[in-house]
Amino acid sequence: MPATDFRPLSIPPADVFQENQTVHAAREQHYAGRHRIIAWLRVVAFGLSAFGVYYLFSLGQLQAAFGLVFVAYLVFLLLVRWHNNVGYWREHHRLLGELNRDETARLQGKLAAFDPGLRYLEATHPYAADLDVFGAHSLFQLLNRATSRLGRDWLAGWLLAPAPATAVRERQAAVAELVPDLAWQQEWQARARHFPRQEADPRQFTTWLRQPDFFAGKGWLKALLFVLPPLAVTSVVLWLTGNGAAPLLVAVLVLGALNARFQKERGEYFQQSMAMRDALRAYHDQLALFETRTWQAPLLTRLLRGLHASENGAPASQLIGQLSRIAGLFSMRESPAIAVLANNLLLWDFFCMWRLEGWKQRLGGKLDAMLEIGAELEALVSLAGFQFANPSYAVPEISMAALEFTAEGLGHPLIFATERIRNDFSTVGAGQTGVVTGSNMSGKSTFLRSVGLNMVLALAGGAVCADKLRVSPAQVYTAMRTQDNLAESTSSFYAELKRLRLLLELSATGEPVFYLLDEILKGTNSGDRHRGARALVHQLHRRNASGLVSTHDLELADLADELPGAAVNYSFNSTIEGDQILFDYHLTPGVCRSFNASKLMQLMGIDLDNS
């Protein structure tokens, strides 16, 4: 084998994504060329067939002419199928190239084009707003590889609530099995991207399916469904052969009356089915991929068993595929002329409704579970894609110690600098408070968010921006960005008090809470701020809670003397060299003794010497 065929065992993800873009762009062009050739073949085949049929008719060779029509029709169908298949692969490689461009954009911190997940953001949530879990330049944009509404909901749910230790370990094992096979991950994603209209909530559809059947108690209508269309077609044949229009007129009036009588029900079936069609087609293609593989991780094997839980043993992909095809039958209504003809001769909508209800009875109400499994797999693939793209990130160890957070080389996952600053930090046990002092812009708030975001990632089952991390399951709670609310006549200070009250209520439940409080009580004078912050820490010290408090008030550092072994001082420092303020952004034991507010004001043009 030539030496150039050897590649290093470890390739940077950025290089993998770039190479994939090149490969898929070339394949897309290959299939695009074939697609154009087949299109011309269709044109030529149609032209030759039309000429041949005309020529045979002109010679009076009717039997041969009809034979050619039949053969030409079969050839044309084969060409159309071939054309569509080549078109699918052209689009598939375009989508795979797009996936790798998206991965490159995430590595570069270019997240603006991705779904910010704002619908999941609630002001009262314990931490989501303060930690940029959702919104512009958010953790959700960095993680999400799901396509369906339900898949995004699953991922958001994992980010919004810490999972128990057993669930975290199960997700980690499942993700570990998925991570090495990037081709499988991207094939999973690309299959769903063929179907872009997936915003409808499947839970509304499955709830609607549980309503009483339309045909329940309408046996007479079901009988007419099999009697009237053949009679209507016969009346058309009679009319075309010159046997009068009366039968056709009667058929049209009867069928038209039935369509008008149940117009609302027909419309509802159409809207519900078409809203879910793309999501169903996507899940069919994705689950078919998942079902063909043997999995080892307990969570993946359990999900696979769930997909074979139907009474007849048919795989979920097959059943969902049947449903997607039935839903697609309603698409005839999208062409008004064809819809009028089909409904007024064949009762097409009623036929589709009957097929849908028959499928529902065979499935036995298991569609919800199948769709939820598909959504959970989307969330797992999102975590796997994130972990593949960041091979230096650690898979955290879930600690059973009380309120442990022990990190080495901890960084902020939403900072994409070439040299990300990392810090070590450890706290173990309830009643522990780290008091972080520091000058302006020295990194206190960023460090608190680094701790919080990595804890959220760890307890969702994901890799973390750290060299090592041991963390205990706990509820993260933050008070960092409280703002006034003019509509509610609420000042920022009062809003912060309400936030802290929720923290006290949460910690009173006895569940472990890890809090991150940034410059608390900043809306009042220094004396009240110090007394209030000190009282809050003392109160939290007596509960099943630990965390970090950042402050400018050096007086708060006295907590280390008041609560020896429970309150620990840390700091971020800066140095001033001439007109420059230099930051190292490293967490340092002890109290900060260097502050830069005066220098910053001087740099902004405020003459402090004349005050």
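The residues of the chain are indexed from 1 along the displayed sequence.
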Undergrad: Is the distance between the ring centroids of Tyr477 and Phe514 under 6.0 Å?
TA: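 Between Tyr477 and Phe514, the centre distance exceeds or equals 6.0 Å.
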Undergrad: Using only atom types and a distance under 3.5 Å, with no angle test, would you say the side chain of Arg281 pairs donor to acceptor with the backbone of Ser324?
TA: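 A pair under 3.5 Å: no.
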Undergrad: Side chains of Leu377 and Leu303, heavy atoms from C-beta outward: is any pair under 4.5 Å?
TA: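 Counting from C-beta outward, Leu377 and Leu303 do come under 4.5 Å.
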Undergrad: Crowded around Arg119 CZ? As in, over 12 foreign heavy atoms under 6.0 Å?
TA: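 Check passes, neighbour count above 12.
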Undergrad: Are any of the side-chain nitrogens in Glu103 or Arg145 under 4.0 Å away from the carboxylate oxygens of its partner?
TA: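 Arg145 and Glu103: salt-bridged.
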Undergrad: Strictly below 4.0 Å, N to O, side chains only: are Lys110 and Asp102 in salt-bridge contact?
TA: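 Looking at Lys110 and Asp102, the cut-off is not met.
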Undergrad: For the side chain of Asp278 and the backbone of Arg197, is there at least one donor-acceptor N/O pair under 3.5 Å apart?
TA: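 Such a contact is found between Asp278 side chain and Arg197 backbone.
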Undergrad: Closer than 3.5 angstrom, by distance alone: can the side chain of Arg422 be matched with the main-chain N or O of Gly409 as a donor-acceptor pair?
TA: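 Checking the backbone N and O of Gly409 against the side chain of Arg422, a donor-acceptor pair under 3.5 Å is found.
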Undergrad: Is a salt bridge present between Asp368 and Arg203, judged by a nitrogen-to-oxygen distance below 4.0 Å?
TA: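 Salt bridge absent between Asp368 and Arg203.
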Undergrad: Where the side chain of Thr509 meets the backbone of Glu505, is there a donor-acceptor pair that is under 3.5 Å apart?
TA: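 No, Thr509 side chain to Glu505 backbone: no donor-acceptor pair under 3.5 Å.
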Undergrad: For the backbone of Gln432 and the side chain of Ser546, can you confirm whether one donor and one acceptor N or O come within less than 3.5 Å of each other?
TA: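 Such a contact is found between Ser546 side chain and Gln432 backbone.
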Undergrad: What about the rings of Tyr393 and Phe386, do their centers lie closer together than 6.0 Å?
TA: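 Yes, ring centres under 6.0 Å apart.
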Undergrad: How are the rings of His125 and Tyr127 set relative to one another: parallel (under 30°), tilted (30 to 60°) or perpendicular (over 60°)?
TA: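 Judged by the thresholds at 30° and 60°, the geometry between His125 and Tyr127 is perpendicular.
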Undergrad: Are Lys468 and Asp424 ion-paired here, with the side-chain N under 4.0 Å from a carboxylate O?
TA: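 No salt bridge links Lys468 with Asp424.
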Undergrad: Under 6.0 Å from the CD atom of Glu291, do we count more than 12 heavy atoms belonging to anything else shown?
TA: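 Yes.
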Undergrad: Hey, is the main chain of Ile415 close enough, under 3.5 Å, to the side chain of Arg420 for a donor-acceptor pair?
TA: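 Side chain of Arg420 to backbone of Ile415: a pair is present.
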Undergrad: Assess Arg210 against Trp208: is NZ or CZ under 6.0 Å from the centre of the six-membered ring, and within 45 degrees of the ring's axis?
TA: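 Relative to the ring axis of Trp208, which defines the angle, Arg210 lies outside at least one limit.
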Undergrad: Will you find, in the side chains of Glu519 and Ser550, an N or O donor that is under 3.5 Å from an N or O acceptor?
TA: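 The criterion, which ignores hydrogens and geometry beyond distance, is not satisfied for Ser550 and Glu519.
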Undergrad: Centroid-to-centroid, Tyr585 to Phe447, below 6.0 Å?
TA: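 Ring centres of Phe447 and Tyr585 not closer than 6.0 Å.
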Undergrad: Look at Arg152 together with Glu199 and state whether they make a salt bridge at an N to O cut-off of under 4.0 Å.
TA: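 Glu199 and Arg152: salt-bridged.
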Undergrad: Any side-chain to backbone donor/acceptor pair from Thr478 onto Asp130? Under 3.5 Å, distance only.
TA: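 No, Thr478 side chain to Asp130 backbone: no donor-acceptor pair under 3.5 Å.
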Undergrad: Please determine if Arg534 and Glu562 form a salt bridge, counting it only when a charged side-chain N lies under 4.0 Å from a carboxylate O.
TA: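 Yes, this pair counts.
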Undergrad: Should Ile320 and Leu287 count as side-chain neighbours, where that means a heavy-atom distance under 4.5 Å?
TA: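 Yes, their side chains come closer than 4.5 Å.
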Undergrad: With a 6.0 Å cut-off on ring centres, are His586 and Tyr570 close enough?
TA: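 No, ring centres 6.0 Å or more apart.
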Undergrad: So, does Arg106 use its side chain to make a donor-acceptor pair with the main chain of Gln141 at under 3.5 Å?
TA: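 The answer is yes, because a donor-acceptor pair under 3.5 Å joins these two groups.
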Undergrad: Measure the acute angle between the ring planes of Phe416 and His137, then classify it against the limits of 30° and 60° as parallel, tilted or perpendicular.
TA: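 Answer is perpendicular, since the angle exceeds 60°.
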Undergrad: List in chain and number order the residues that pass salt bridge (Lys or Arg N to Asp or Glu O under 4.0 Å) with Glu404, two or more places apart in sequence or in another chain; answer none if no residue qualifies.
TA: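 Listed in chain order: Arg470.
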